[in-house]
Each structure stands twice: as structure tokens, then as C-alpha cells.
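Following: one structure in C-alpha cells, then a few remarks.
Residues: numbered from 1 along the sequence shown. On a predicted model such as this, the values are computed, not experimentally measured, just so you know.
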Amino acid sequence: MMIFHIMLKAIKLTLRDKGFFLYMMIFPLALILVLGSVLQNAFSSDVELDKMTVEYTVQKDNPLGKAFGSFAMKASGKQVTFKKADSAKSGKEAVDNGDAVGYVDVKDDLTVTTNSPSQIEKSVLDGYLNGFTSQYRLASTIIKVDPTQATVLQSPPKASDTAIQVEELASGNDISAFEYYAIAMIAMVMMFGINSGINVFREEKVRHTDVRLFIAPIKKSTAIIGNFLGAIFMQTVSLILLMVISDLFFGVNWGEYSLVIFVIYFSLLFLSVALGMAVDVFSNGNPAANGAASIMIQVFAFLGGAYFPTGDGLMSKLSPIGWVRVGVKDVLYNHDLAAATFPILTNLLITGVLVVGMSLWIRRKEVY
């Protein structure tokens with residue numbers, strides 16, 4: 001019962017703190033909105049291809065030239081246009097002037113001239129020319145074996161528009177900027193629990209209520225657990241609100257994995273509050289602890305990719321924000337429930353070590 005009263009007291013103190021709502025709600029939502037808007041193009045996988053023109057000339061009246069001329073007529077479309085040049089000189093000038101992506105000189109073989117096209121343009125051009133050469137070689141081989149099949153090759157059967165269907169799978173590597181920063185910012189906000197943990201005992205000392213706790217007939221562990229649960233409760237409320245708001249306004253569909261993701265974030269919350277309490281306890285209430293905690297949070301945010309993507313490599317694994325962000329992303333978009341194991345167990349293990357260390361330290365020093 002006493003734990004409940006201490007927990008309720010901690011909740012009331014937090015509700016009086018306007019800075020709590022600023023850092024736990026307004027600040028992260030503003031960052032998601034700003035960073036998501038500014039960097040949304042950097043996360044987009046949609047690439048628009050400009051119209052391409054490929055000029056060509058047929059220098060000799062041979063089977064290859066006839067085949068390429070027929071191919072050029074059929075391959076030309078809205079996106080890629082094959083245009084017959086007046087001469088080799090005019091075709092190369094078109095490439096030099098940027099009017100054409102490439103020039104193809106058809107003689108006994110194909111000679112292609114380009115002028116530093118983009119990687120996408122080069123891939124498209126290579127795809128068309130490789131497709132032609134493969135088809136031509138196949139046709140030549142079949143005609144040599146059975147000339148009666150030439151008519152089949154000239155009019156190959158066309159596939160229906162629904163013959164090929166593409167199904168895009170959700171991937172953690174293909175998410176919007178708003179989704180990425182919503183996931184990362186919620187993790188960073190949970191890391192703000194360090195400040196809540198520091199203030200758990202700091203508030204007692206500032207208001208001189210720690211003396212009453214010393215003389216009250218309760219165990220020190222009761223005071224620790226009560227204050228700890230009070231800080232956890234308010235952080236949990238902010239976590240639920242952020243997840244709901246990010247779902248409604250930023251397109252993060254937590255879906256069927258919302259409970260697993262909540263547990264991942266909740267484990268980080270446990271870790272951050274315990275870490276804050278440990279910083280205050282082990283520093284014997286040094287006022288510089290708040291500054292050190294703020295620096296620690298920013299370092300974790302930098303390494304964990306809260307402000308800009310850092311990938312899923314070693315850098316992210318050096319930060320609680322990073323391994324939580326990666327775990328949430330893999331569960332949500334890759335449907336890999338096993339990815340939740342590492343962040344949850346790691347956070348709880350570190351939390352347990354910190355709590356045991358604090359208990360031993362307080363018992364030895366007999367002060368908060």
C-alpha cells in the first residue's frame with residue numbers, strides 16, 4: 001500500500017512539471033513533422049525516368065540492319081524513343097548536345113556512343129540493346145536449324161496485360177521519412193526517462209521530503225520501487241499517446257504487432273529510468289548529473305539514428321535507441337518477431353544490473 005502512495009506522489013509531481021509535456025510530447029512530434037517533411041525525398045524509392053531518345057543509323061543493307069530497324073520501330077514508346085539519324089555525324093552530335101542518350105551505329109555489329117549517362121539511363125539503354133542482341137542471336141540460331149520457324153519469330157505471341165503481376169512486400173529498407181522518424185523519435189523519448197529517473201530522488205531532496213522517508217517506518221526499497229513506478233507510469237502514458245498520434249497522423253500502422261512493439265519500447269523505458277536513477281545515486285546527487293544525462297541522450301540519439309539514418313550496423317548496436325529502432329522496424333515491416341528478443345532482453349538485463357547496483361550502494365551509504 002505504501003508503494004502505491006509513493007507512486008501516486010511521484011505522478012502528481014510529474015503532472016505539475018510543464019517541461020515534462022514539452023519534452024515528452026511537443027518536442028518529438030515537432031521533430032517528426034519537420035524532419036519527415038524536409039527529408040522525405042531521401043527516403044523515397046520511387047524514381048522517375050525522364051524521356052530518353054536513342055538515335056541510330058544502319059550503314060549496310062544486311063540482316064542485322066533490317067532486324068534492328070524493325071526492333072527500333074516496335075521498341076519506341078512514350079518513355080524511350082529510337083530515332084533514325086541522318087548520318088553518323090548527326091547522331092554523335094545529338095549525343096554531345098544532350099539531345100540523345102546514345103547513338104547506335106549498325107554495321108556488321110553494333111557500336112554504341114554515349115556521353116556519361118546517368119546510371120538509370122545506362123541501365124535502361126543496356127537493357128534494350130541486350131534484349132535485341134539476345135533475340136537476334138536466338139532467331140539466327142533457330143533459322144539455321146529450322147528455317148520454317150522464321151514466321152513465328154517475326155510475329156511472336158504477345159503476353160496479356162495481366163500475365164505479369166508484381167506484389168510489393170513491405171520492407172524496413174523502404175519506409176517513408178515520417179515512419180522512420182516516428183519510430184526513432186519514440187525511442188528517443190523513451191530514453192528521456194533518464195531525466196525522470198534522476199529527478200526521482202532529486203525532487204525528494206529539493207522539497208526536503210527525503211528526511212520524512214528516512215524516519216518513516218518503511219524500507220528504502222519501498223521508496224525506490226514507489227518512485228520508480230511513478231516515473232514509469234507517466235512515461236508509459238506518453239508512449240501510448242505517441243504511438244496513437246503517429247498512427248493517426250504519420251502513417252505508422254502498428255497493426256497486429258502493436259503489443260510486441262509496445263513491449264520493446266517499454267523495456268527501453270525501464271532501462272532509461274533505471275539508468276537515470278543510477279546516475280543520481282552513484283553521483284551522490286551531484287547537480288551536474290542532469291547535464292551529463294542530456295549529453296548521454298544526445299550521443300545515444302546520434303549513434304542510434306534518431307536525427308539521420310545510420311543503418312542497422314555496428315553504430316546502431318552501440319546505442320539503446322539504435323537497437324530498439326532496428327528491432328521495431330524489423331518486427332513492423334519485416335514481420336520478424338525474433339528481432340524483438342535482442343532489444344527486450346538487453347534492456348531488461350541492463351536494468352536488472354543497475355537496480356541491484358543501486359540497492360547495494362544505498363544500503364552501504366545509507367543515503368540517497
Side-chain angles (χ1 to χ4, degrees), residues 24 28 32 43 169-197 228-229 231-232 235-236 238-240 242-243 246-247 250 252-279 293 295-358:
M24 301 303 293
I32 295 172
F43 286 80
L169 297 178
S171 171
N173 298 320
D174 186 20
I175 62 177
S176 70
F178 289 111
E179 291 172 305
Y180 175 88
Y181 283 112
I183 293 172
M185 286 303 159
I186 293 177
M188 188 174 73
V189 168
M190 293 304 99
M191 206 68 215
F192 284 161
I194 292 179
N195 293 323
S196 299
F228 181 79
L229 292 178
I232 288 291
Q235 296 277 111
T236 304
S238 66
L239 170 58
I240 295 173
L242 286 173
M243 290 184 68
S246 63
D247 187 0
F250 298 116
V252 184
N253 184 14
W254 305 109
E256 59 182 316
Y257 302 105
S258 56
L259 182 59
V260 177
I261 293 171
F262 177 84
V263 174
I264 296 176
Y265 282 130
F266 193 70
S267 67
L268 177 61
L269 172 56
F270 259 73
L271 169 61
S272 62
V273 174
L275 182 58
M277 294 174 65
V279 169
I295 295 174
M296 188 185 306
I297 293 173
Q298 295 307 314
V299 171
F300 285 150
F302 174 81
L303 295 175
Y307 297 122
F308 62 90
T310 56
D312 301 347
L314 177 62
M315 184 177 292
S316 293
K317 291 181 173 60
L318 297 176
S319 164
I321 295 175
W323 65 59
V324 165
R325 175 183 61 79
V326 174
V328 170
K329 182 199 69 173
D330 288 340
V331 170
L332 183 58
Y333 296 103
N334 298 332
H335 311 308
D336 182 11
L337 292 178
T341 304
F342 176 77
I344 292 174
L345 292 182
T346 303
N347 292 338
L348 294 181
L349 178 62
I350 298 175
T351 300
V353 172
L354 291 174
V355 170
V356 171
M358 280 188 291

Is there side-chain contact between Leu239 and Val189, with at least one heavy-atom pair below 4.5 Å?
no

Legend entry - Pairwise side-chain contact, Leu275 with Met191, heavy-atom cut-off 4.5 Å (strictly under): yes

On the 0 to 90° scale, with breaks at 30° and 60°, tag the Phe178-Phe250 ring pair as parallel, tilted or perpendicular. parallel

inquiry  = Between Glu179 and Ser246, is there a side-chain heavy-atom distance shorter than 4.5 Å?
reply    = no

One should read off an interatomic distance between Phe302 CZ and Leu318 CG, to the nearest 0.5 angstrom, of 11.5 Å

**OP:** Flag the pair Val324 / Ile186 as yes when at least one side-chain heavy-atom distance between them is below 4.5 Å, and no otherwise.
**Re:** no

CD1 of Ile350 to OG of Ser272, rounded to nearest 0.5 Å, is 11.5 Å

Rounded to the nearest 0.5 angstrom, the CD-CD1 distance for Gln235 and Ile240 is 12.0 Å

Review point. Under 3.5 Å, is there a donor-acceptor pair between the side chain of Tyr181 and the main chain of Ala306?
Key: no

I'd like to know if the side chain of Arg325 reaches the main chain of Gly304, judged simply by a donor and an acceptor atom lying under 3.5 Å from each other, with no hydrogens or angles considered.
yes

Tightest non-hydrogen contact, residues Tyr180 and Pro309, listed as OH-CA, 3.1 Å

### Message
So Ile232 and Phe266, do their side chains get closer than 4.5 Å, heavy atoms only?
### Response
yes

Distance col, row Ile321:CD1 vs Ile183:CD1, nearest 0.5 angstrom, shows 14.0 Å

In terms of heavy-atom contacts, Gly305 and Ala184 come closest through O-CB, 4.0 Å

### Query
Should Thr236 and Phe262 count as side-chain neighbours, where that means a heavy-atom distance under 4.5 Å?
yes

Closest non-hydrogen atoms of Ser267 and Asn347, given as atom of the first, atom of the second and distance, are OG-ND2, 3.0 Å

message = Looking at Trp254 and Met243, would you say the former's side chain and the latter's main chain have a donor-acceptor pair under 3.5 Å?
response = yes

Here the gap from Ile344 atom CD1 to Leu271 atom CG, rounded to the nearest 0.5 Å, amounts to 13.0 Å

Closest non-hydrogen contact found for Met188 with Ala301 is SD-CB, 3.7 Å

When rounded to the nearest 0.5 Å, the distance separating CD1 of Ile264 from CG of Leu269 is 14.0 Å

What one should report as the nearest heavy-atom pair of Ser319 and Leu303 is CB-CB, 3.8 Å

Tyr265 vs Val328 side-chain heavy atoms within contact, under 4.5 Å
yes

For Thr351 and Phe270 the tightest heavy-atom approach is OG1-C, 3.6 Å

Just wondering, do Met296 and Ile194 contact through their side chains at under 4.5 Å, heavy atoms? yes

